[in-house]
Structures are given as C-alpha cells and as structure tokens.
A.B. asks: 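One structure coming up, written as structure tokens, with questions to follow.
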Amino acid sequence: MAGRDESTLTDLKLLGNQNTEYLYSYNPEILEAVDSMHERDYFVKFNCPEFTSLCPMTGQPDFATMYISFIPDRKLVESKSLKLYLFSFRNHGDFHEDCVNIIMNDLINLIEPRYIEVWGKFTPRGGLSIDPYCNYGKPGTKYEQMAEHRMMNHDMYPEKIDNR
C-alpha cells in the first residue's frame, strides 16, 4: 500500500480541533475512521480506564476499564473520536453487557474490522463486579474461527485484578 489517502484526513472533524465539544449522551455519529496503511494482520488495542455509564434501573454511575482490540481491514477508528464516543456513554443508561455489545456493533459498522473484541471490567457495586466480553470475526474467514476460539478461551487465566 502506498501512503494514507489525504482525503480521509481532511474529512476528520475532531482531530486537531481545538474547540472540542463533549457530548453527555450516547452518540455513535461522533466516530470517525481513517484508512489503514497496512494489509498485514496487526492488532490495535485501546484501553479506556475511565469509562462511565449509568445503571438503567437506579441511575447510579457505573465505572469500568474498557478494553477494545481489533485487527483492521481497510479502516481504523480515529482515537480522538473514539475517546469522545466513549465519553458520550457518561449519561447513557444501559446494562454492562449492553454497553460492550453496543460499542462493538458501532465499531463494526464504522470500520468493518477483520476481528474485534470488547471487554468491560466494571468496578464492583454491592460486592459484585461484572466483566462482559464480546467478540466478532468476519464471517467465512479465519477471523470467524479466531473469534470462536477466543470466546471459548478468553478468560482461562484470569489476570490479577488491580484496576478496581
């Protein structure tokens, strides 16, 4: 692949904008994509240790570290837009499981990755933490098989919990 198509960079509204507007309710339209410059498989990983949303029943805040990993195909999510998108969940009321699936679905719609996984590690409330995980591999490819394998094995060796 040659270089990044400059037209995709000029289409970006957020990157480099000094007047960033923070939205306080869920808004997937914030997300922006840029071209991937590489055809090989590689992982892109984002960790968001300050993710917040609201419990849809009580309205109380829920806090999490959100882990997003993907193997791009032709597009990458632009990181500032991802940050603002995740921030838009701040006043969004949804269950933990729904948040991770919504995030994954929105990113699939935006960048059509070869593979993606989203793992939310929520801080305990009432003595119980909830850590939902979801993934997706492009159907009919080795990435679909990878998704099945990772789903079956993603939590075989629980890590040390030090982010709570």
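Not measured: the values here are computed from a predicted model.
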A.B. asks: Could you go step by step and tell me if N135 and H154 meet the side chain to side chain contact (heavy atoms under 4.5 Å, CB included) rule?
C.D. replies: CA-CA 10 Å; N135 72 5; H154 88 279; over 6 Å; no
A.B. asks: To the closest 0.5 Å, what do you measure between CD1 (I71) and CE (M146)?
C.D. replies: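 So the gap between those two atoms works out to 4.0 Å.
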A.B. asks: Using a 4.5 Å cut-off on heavy atoms from C-beta on, say whether the side chain of Y26 contacts that of D106.
C.D. replies: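 Side chain of D106 against side chain of Y26, heavy atoms only: contact under 4.5 Å found.
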A.B. asks: Among R150, K138, K142, E144, which residue meets the side-chain hydrogen bond (donor to acceptor under 3.5 Å, both in side chains) test with Y115?
C.D. replies: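 Result for side-chain hydrogen bond (donor to acceptor under 3.5 Å, both in side chains) with Y115: R150.
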A.B. asks: Would you check if L54 and N91 make a side-chain contact, meaning some heavy-atom pair closer than 4.5 Å?
C.D. replies: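 They are in contact (side-chain heavy atoms under 4.5 Å apart), so the answer is yes.
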A.B. asks: Which value, rounded to the nearest 0.5 Å, describes the distance between E78 atom CD and K83 atom NZ?
C.D. replies: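 That separation rounds to 9.5 Å.
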A.B. asks: Roughly how far, to the nearest 0.5 Å, is CG of D41 from CD of E39?
C.D. replies: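 Result: 11.0 Å between the selected atoms.
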A.B. asks: If I compare all heavy atoms of M104 with all of C134, which pair ends up nearest, and what's the gap?
C.D. replies: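 Shortest heavy-atom contact: SD-SG, 3.6 Å.
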A.B. asks: Looking only at heavy atoms, what is the nearest atom pair of I108 and P113, with distance?
C.D. replies: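 Minimum heavy-atom separation between I108 and P113: CA-CD, 3.8 Å.
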A.B. asks: Extract all donor-acceptor atom pairs below 3.5 Å that involve side chains of residues 55-62 and protein atoms in other chains or at least two apart in sequence.
C.D. replies:
unit_1 : atom_1 : unit_2 : atom_2 : d
T58    : OG1    : Q60    : N      : 3.1
Q60    : OE1    : R125   : NH1    : 2.9
D62    : OD1    : R125   : NE     : 3.1
D62    : OD1    : R125   : NH2    : 2.4
D62    : OD2    : C55    : N      : 3.4
D62    : OD2    : R125   : NH2    : 3.3

A.B. asks: For side chain to side chain contact (heavy atoms under 4.5 Å, CB included), just list the numbers for Y67 and K45, CA-CA rounded to whole Å, side-chain angles, deciding distance to a tenth of an Å, and then say yes or no.
C.D. replies: CA-CA 7 Å; Y67 299 95; K45 296 185 176 205; over 6 Å; no
A.B. asks: Over 60° means perpendicular and under 30° means parallel, so tell me whether F46 and F70 are parallel, tilted or perpendicular.
C.D. replies: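 Parallel, since the angle between the ring planes stays under 30°.
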A.B. asks: Given L86, which partner from the list C48, S81, S53, C99 fulfils the side chain to side chain contact (heavy atoms under 4.5 Å, CB included) test?
C.D. replies: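 Filter result, single survivor: C48.
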A.B. asks: Applying side-chain hydrogen bond (donor to acceptor under 3.5 Å, both in side chains), can you list everything that pairs with Y136, at least two apart in sequence or on another chain?
C.D. replies: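 Partners of Y136 by the side-chain hydrogen bond (donor to acceptor under 3.5 Å, both in side chains) criterion come out as none, since no residue qualifies.
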A.B. asks: Are Y42 and S36 linked by a side-chain donor-acceptor pair shorter than 3.5 Å?
C.D. replies: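 Side-chain D/A pair, Y42 to S36: present.
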A.B. asks: Flag yes if more than 12 heavy atoms outside E50 fall under 6.0 Å of its CD atom; otherwise flag no.
C.D. replies: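 At most 12 heavy atoms, drawn from other residues, nucleotides or ligands, come within 6.0 Å of this atom.
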A.B. asks: Ignoring hydrogens and angles, state whether a donor on the side chain of D73 or Y143 is under 3.5 Å from an acceptor on the partner side chain.
C.D. replies: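 Result is no, nothing qualifies.
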A.B. asks: What are the two closest heavy atoms between P132 and W119, and how far apart are they?
C.D. replies: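 So the two residues come closest at O-CD1, 3.3 Å.
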A.B. asks: When rounded to the nearest 0.5 angstrom, what distance separates OG1 in T123 from CG in D131?
C.D. replies: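 Result: 10.0 Å between the selected atoms.
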A.B. asks: Kindly determine whether K75 and D35 satisfy side chain to side chain contact (heavy atoms under 4.5 Å, CB included), including the steps that lead there.
C.D. replies: CA-CA 5 Å; K75 297 283 184 187; D35 291 335; 2.7 Å; yes
A.B. asks: Who are the salt bridge (Lys or Arg N to Asp or Glu O under 4.0 Å) partners of D98, not counting sequence neighbours?
C.D. replies: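 Salt bridge (Lys or Arg N to Asp or Glu O under 4.0 Å) check on D98 returns nothing, list empty.
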A.B. asks: Measure up the F51 and F89 rings against each other and bin them: parallel (under 30°), tilted (30 to 60°), perpendicular (over 60°).
C.D. replies: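 Answer is tilted, since the angle falls between 30° and 60°.
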A.B. asks: With a 4.5 Å cut-off on side-chain heavy-atom distances among I, L, V, M, F, W and Y, is there a chain of contacts connecting F95 to V118?
C.D. replies: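 Different clusters: F95 never reaches V118 through Ile, Leu, Val, Met, Phe, Trp or Tyr contacts under 4.5 Å.
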A.B. asks: Of all heavy-atom pairs between A33 and I111, which one has the smallest distance, and what is that distance?
C.D. replies: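 So the two residues come closest at CB-CG2, 4.0 Å.
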A.B. asks: Would you mind reporting whether I68 and L82 have side-chain heavy atoms less than 4.5 Å apart?
C.D. replies: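 Yes, close enough: below the 4.5 Å cut-off.
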A.B. asks: Nearest 0.5 angstrom please: L107 CG to I116 CD1, how far?
C.D. replies: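 Interatomic distance, L107 CG to I116 CD1, rounded to 0.5 Å: 4.5 Å.
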A.B. asks: Verify the cluster assignment for F63 and M66: are they in a single hydrophobic cluster under the rule of side-chain heavy atoms below 4.5 Å apart?
C.D. replies: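 No, F63 does not connect to M66 through the hydrophobic network.
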A.B. asks: Working to the nearest 0.5 angstrom, can you tell me the gap between E32 CD and S79 OG?
C.D. replies: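 If we round to the nearest 0.5 Å, E32:CD and S79:OG are 10.5 Å apart.
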A.B. asks: From the options V44, V77, V34, select the one residue that forms a side chain to side chain contact (heavy atoms under 4.5 Å, CB included) with P72.
C.D. replies: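 Exactly one pass, corresponding to V44.
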